[in-house]
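Below, chain A is the first sequence line, B the second, and so on; all start at residue 1.
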Protein chains: 2
Amino acid sequence: MAGIRAAQKEKTRRALIQAAMNQLSAEHGYASLSLREVAREAGIAPTSFYRHFQNMEELGLTLVDEGGLTLRQLLRQSRQQIAKGGSIIRASVTTFMEFVSNNTAIFRLLLQEKSGNSRDFRLAVTREVEHFTAELVDYLVAEQKFTRELAELQADAIVRIVFSAGADALDADSKEKQRLTEQTISQLRIVARGAEATRLAAKTKE
Amino acid sequence: MAGIRAAQKEKTRRALIQAAMNQLSAEHGYASLSLREVAREAGIAPTSFYRHFQNMEELGLTLVDEGGLTLRQLLRQSRQQIAKGGSIIRASVTTFMEFVSNNTAIFRLLLQEKSGNSRDFRLAVTREVEHFTAELVDYLVAEQKFTRELAELQADAIVRIVFSAGADALDADSKEKQRLTEQTISQLRIVARGAEATRLAAKTKE
DNA sequence: TATGTCAGTGAACGCTTGTTCACGCAATTC
DNA sequence: GAATTGCGTGAACAAGCGTTCACTGACATA
């Protein structure tokens, strides 16, 4: 009943996930990840891998899920900062860039697999990004009283800009990251202004 | 002097490039491209590959270069449409989406290698995209009298949105592509409005 | 016409890969 | 205490990989 066995299993499962993460880097992507190497780094025999995952693909999808989860938790944190006052845009962008810096491997995985070669992967990543966008839409509708249509356009544009900038941040040194952050903030302000202007234009027409 | 020999060499070189292109698809990316398979499809022995490229990497960089070339051709097309009058935004987005539809393999390669695992690849793709952005900046400054700073912010945002939408278009059916195109157009209009508003705000401050 | 060059070849190399199998042995269940 | 479950194992497999090597034979050169 103690579950000493189940605990051990979970432990090696985590070891496999961690090993896979460690092997992901700028030079070595998921596509060139090998079952045997992952097993080796996790300290188990190659054959034991199958006790935990059916496939390398299953492991990969797990990584994507974990990455998306981390990302969303982080942004919720950032919204708490917003509630305390301060610029929502600056807070969000800063948080996002910090996430990219601190979770390079995960973000790189998400990016690569978004346009990667496994349909399941692409769908999984797309789903994560859509979650992200949906939360932003809700915020824009609830807090800023945008129409749903305009909020969706705006949120989608914001997410595209931010993820793309995040991708560039992966290769950047800290000075360049700073520049990217400020640039992104300015761009989101432009989008916000444009959305606001569009809302007014629509109202005038009524 | 006829160069019948050099011509033959160029022909098999093209065959190798074409074979590599053919093997690139949604399911099978550059990373999982094999020298032997490429040689097989090109109709030569694996060993002969080395008469044309030192590496698979060298072949890959050639593909990226060719992709960039095609992309620049697209820019020229787009500029012709603009010269004929009509909405700049609509013309550009439509042309871009057509490019993505007609050059799926190339665009997918550019996308993947932009955040891929070879630094040389990333730099090569980044250079192509920067080229793209630079031309847009010049247009915004020359034709629309934006300050260079604001033009750069705007152009960079536009390119990020458009490329990101292009990526989504890869997996989309024609109906979804149409939706994406219209959405992107609306988003670029929001950006344009925002940039315009920002310009006015700056002027007021003076 | 004789000589040299070089794209293309087939065999062979040493490795790594994913996956299977029967098995040991400790945790769990009855 | 006996029976069962299931994680981890090492050996073995066929297949694929990139790369080397000495070689052939058509073209180029002089």
K.L.:
Using ring centroids (six-membered ring only for Trp), state whether F107(A) and F96(A) fall under 6.0 Å.
P.N.:
yes
K.L.:
Could you tell me how far apart L16(A) (CG) and dG18(C) (P) are, to the nearest whole angstrom?
P.N.:
13 Å
K.L.:
As a test of reading the structure: which of dG18(C), dG8(D), dT5(C) is closest to the side chain of R5(B), going by heavy atoms?
P.N.:
dT5(C)
K.L.:
Does a side chain donor of either K114(A) or T126(A) reach within less than 3.5 Å of an acceptor in the other side chain?
P.N.:
no
K.L.:
Considering just the side-chain nitrogens and oxygens of S34(A), establish if one lies under 4.0 Å of OP1 or OP2 belonging to dT16(C).
P.N.:
no
K.L.:
For a quick check of understanding: with a heavy-atom distance under 4.0 Å over all strands, which category does R40(A) fall into, base, sugar-phosphate or nothing?
P.N.:
sugar-phosphate
K.L.:
Starting at CD1 of I4(A) and ending at P of dA26(C), how long is that distance when rounded to a whole Å?
P.N.:
12 Å
K.L.:
Say whether N22(B) and Q18(B), considering side chains only, have a donor N or O and an acceptor N or O under 3.5 Å apart.
P.N.:
yes
K.L.:
Measure from CD on E37(A) to C1' on dC15(C) and round the result to the nearest Å.
P.N.:
12 Å
K.L.:
Take atom CD of E10(A) and atom P of dG8(D), then tell me their distance rounded to the nearest Å.
P.N.:
11 Å
K.L.:
Rounded to the nearest Å, what distance is computed from the CD atom of residue E57(A) to the C1' atom of nucleotide dT19(C)?
P.N.:
17 Å
K.L.:
Please state how far atom NZ in K9(B) lies from atom C1' in dC27(D), giving the value in whole angstrom units.
P.N.:
14 Å
K.L.:
Looking only at side-chain N and O atoms, does T47(B) come under 4.0 Å of OP1 or OP2 in dT9(C)?
P.N.:
no
K.L.:
N55(B) has a side chain; which of dT9(C), dT19(C), dT19(D) sits nearest to it?
P.N.:
dT19(D)
K.L.:
Between R36(A) and A45(A), which has a closest nucleotide on DNA chain D that is more 5'?
P.N.:
A45(A)
K.L.:
dC27(D) C1' sits how many Å from K11(B) NZ, rounded?
P.N.:
16 Å
K.L.:
May I ask you to check whether E41(B) and Q23(B) show a side-chain donor-acceptor distance below 3.5 Å?
P.N.:
yes
K.L.:
Does OP1 or OP2 of dT5(C) have a side-chain N or O of R51(B) closer than 4.0 Å?
P.N.:
no
K.L.:
Kindly say if S48(B) contacts the phosphate of dA7(C), meaning a side-chain N or O under 4.0 Å from OP1 or OP2.
P.N.:
no
K.L.:
Less than 6.0 angstrom from the centroid, inside 45 degrees of the normal: does R72(A) satisfy that with respect to the ring of F132(A)?
P.N.:
no
K.L.:
Whole angstroms only, please: what is the CG-P distance between L35(B) and dG8(C)?
P.N.:
14 Å
